[in-house]
Amino acid sequence: MPRFPAGQTLLIDADDTLWENNVYFERAIAAFVSYLNHHMYSPAEVRNALNAVERETILARGYGLTSFTRSLVTCFERLSTEPVTDEKRERVVSFAHTIRDQEIELLPSVAETLADLGVRHRLIVMTKGDHAEQADKVARSGLAPLFNAVEIVPEKDPPAYRAVIARHELAPHTSWMIGNSPKSDINPALAAGLHAVFLFHKDTWMLEHAEIDRAPEAQHLIELDSFRKLSDIF
């Protein structure tokens with residue numbers, strides 16, 4: 001494994017890279033499926049229906065807890081075989097509120113690894129979603145002082161990466177995107193000319209799953225299984 005010289009710029013994802021996130025959504029979804037208790041659709045079929053609703057909601061309203069809450073309620077209204085009362089809607093909303101009330105749980109070795117990397121490199125959080133929601137997570141995490149900047153974008157696509165490259169005057173040959181999502185962190189960053197580090201997380205949101213693209217010539221793609229190992233290469 002190569003070790004890259006000081007002076008790199010590391011764009012680092014937040015949810016499920018710096019702290020746990022999707023596991024709380026999965027618990028809420030499991031509670032939702034159990035509460036719906038559909039007699040015709042299997043739990044897997046209910047989950048597929050929810051995925052479809054989430055895709056619709058994201059296109060219309062973006063990411064975040066408000067969007068997820070709307071998706072749960074919409075899916076419940078579509079699938080319920082009984083009349084949907086206000087009381088039932090409130091129960092569905094309560095599943096999402098368990099996520100809202102969750103404390104930030106940093107992933108192993110994140111704080112100390114960031115402190116180590118920051119001695120040699122420029123660190124920038126790059127996360128997507130609702131701006132206020134993501135900014136609040138960064139603040140509550142206690143990690144903000146370890147970063148040179150925070151970028152919160154509605155979507156992580158090649159134009160978003162190119163805008164960040166331009167805004168921070170990054171040199172692509174010394175700039176990296178680090179994260180757990182092939183769909184949002186790896187493939188679009190490679191398409192924008194950046195190097196990338198894929199950090200495996202067993203609970204990555206299924207809507208972020210994708211085949212990882214091959215790195216174009218002269219670009220690096222490295223796969224790691226823990227945040228701590230970033231200090232071995234940077």
Side-chain angles (χ1 to χ4, degrees), residues 1 3-4 8-30 63-65 68 96 98-153 155-156 161 164 175-190 194-210 212 220-234:
M1 187 77 69
R3 186 174 179 92
F4 297 92
Q8 309 287 310
T9 297
L10 308 181
L11 303 172
I12 303 178
D13 174 53
D15 293 336
D16 292 320
T17 295
L18 297 177
W19 51 70
E20 294 285 8
N21 181 66
N22 191 56
V23 64
Y24 308 125
F25 285 82
E26 293 297 333
R27 291 171 187 169
I29 290 169
Y63 298 92
L65 190 52
F68 175 72
T98 64
I99 303 169
R100 180 196 63 187
D101 299 333
Q102 180 65 47
E103 293 293 325
I104 297 293
E105 180 183 353
L106 297 182
L107 287 165
S109 302
V110 161
E112 52 266 47
T113 301
L114 288 174
D116 175 59
L117 294 172
V119 173
R120 300 179 297 279
H121 308 289
R122 177 163 58 152
L123 309 182
I124 299 174
V125 175
M126 186 166 176
T127 183
K128 72 176 182 181
D130 178 83
H131 192 281
E133 187 176 312
Q134 294 303 101
D136 178 64
K137 287 182 185 179
V138 173
R140 288 191 292 121
S141 74
L143 299 177
L146 299 175
F147 286 92
N148 299 93
V150 176
E151 287 285 344
I152 301 172
V153 296
E155 183 62 88
K156 283 179 171 175
Y161 283 102
V164 169
S175 299
W176 301 72
M177 181 62 205
I178 299 167
N180 68 294
S181 168
K183 177 179 176 290
S184 294
D185 298 324
I186 307 304
N187 294 344
L190 291 173
L194 300 172
H195 308 300
V197 177
F198 173 63
L199 286 179
F200 174 77
H201 190 294
K202 65 182 180 64
D203 293 313
T204 294
W205 185 24
M206 62 177 59
L207 295 191
E208 293 292 330
H209 290 188
I212 296 177
H220 297 288
L221 171 59
I222 296 172
E223 299 188 26
L224 299 177
D225 59 7
S226 76
F227 199 89
R228 178 190 57 77
K229 292 181 179 179
L230 290 169
S231 286
D232 295 337
I233 61 174
F234 293 113

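By the side-chain contact (heavy atoms from CB on, under 4.5 Å) test, Ala196 is found to be paired with Ile186, Leu190, Leu221, residues two or more places apart in sequence or in another chain being considered. Under the ring pair (Phe, Tyr, Trp, His ring centres under 6.0 Å) criterion, His195 pairs with Trp176, His220, not counting sequence neighbours. Partners of Glu112 according to the side-chain contact (heavy atoms from CB on, under 4.5 Å) rule, which considers only residues two or more places apart in sequence or in another chain, are Ser109. With sequence neighbours excluded, the residues that form a side-chain contact (heavy atoms from CB on, under 4.5 Å) with Ala210 are Pro182, Lys183, Asn187. Asp225 is linked by a side chain to side chain donor-acceptor pair (under 3.5 Å) to Lys229, counting only residues two or more places apart in sequence or in another chain. For Ala111, the side-chain contact (heavy atoms from CB on, under 4.5 Å) test picks out Leu106, Leu143, with sequence neighbours left out.
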**Item:** Worked check of side-chain contact (heavy atoms from CB on, under 4.5 Å) between Glu105 and Tyr24
**Value:** CA-CA 11 Å; Glu105 180 183 353; Tyr24 308 125; 2.7 Å; yes
**Message:** Working note: Arg27 + Thr98, criterion side-chain contact (heavy atoms from CB on, under 4.5 Å); need CA distance, chi angles, decisive distance, verdict.
**Reply:** CA-CA 9 Å; Arg27 291 171 187 169; Thr98 64; over 6 Å; no
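When every heavy atom of Ile99 is checked against every heavy atom of Ala28, the shortest pair comes out as CD1-CB, 3.9 Å. Taking every heavy atom of both residues into account, Val125 and Ala14 meet most closely at CG1-CB, 4.3 Å. Closest heavy-atom contact between Ile212 and Glu223: CD1-OE2, 4.2 Å. Of all heavy-atom pairs spanning Val150 and Val138, the tightest one is CG2-CG1, 4.2 Å. Contact record, Ser184 with Glu155: OG-OE2, 4.3 Å, taken as the closest heavy-atom pair.
The one candidate from Asp203, Asp185, Leu18, Asn21 that meets the side-chain contact (heavy atoms from CB on, under 4.5 Å) condition with Asn180 is Asp185. Among the candidates Leu230, Ile178, Val197, the single residue satisfying the side-chain contact (heavy atoms from CB on, under 4.5 Å) test with Leu10 is Ile178. Residue Phe25 forms a ring-ring contact (aromatic ring centres under 6.0 Å, His included) with just one option from Trp205, Tyr63, Phe68, and that option is Phe68.
Here Arg122 contributes atom CZ and Leu117 contributes atom CG; the two are 14.5 Å apart, rounded to the nearest 0.5 Å.
Between the Asn148 side chain and the Ile124 main chain, no donor and acceptor come within less than 3.5 Å of each other. A donor-acceptor pair is defined here as one N or O able to donate and one able to accept, closer than 3.5 Å; no such pair exists between the side chain of Gln8 and the backbone of Phe234. For the pair Arg3 (side chain) and Ser231 (backbone), a donor-acceptor distance under 3.5 Å is present.
A salt bridge links Lys137 with Asp15: at least one charged nitrogen is closer than 4.0 Å to a carboxylate oxygen. A salt bridge links Lys128 and Glu208; the closest N-O separation between the charged side-chain nitrogens and carboxylate oxygens is under 4.0 Å.
A donor-acceptor contact closer than 3.5 angstrom is absent between the side chains of Thr204 and Asp16. Of the N and O atoms on the side chains of Asp130 and Gln134, not one donor lies less than 3.5 Å from an acceptor on the other residue.
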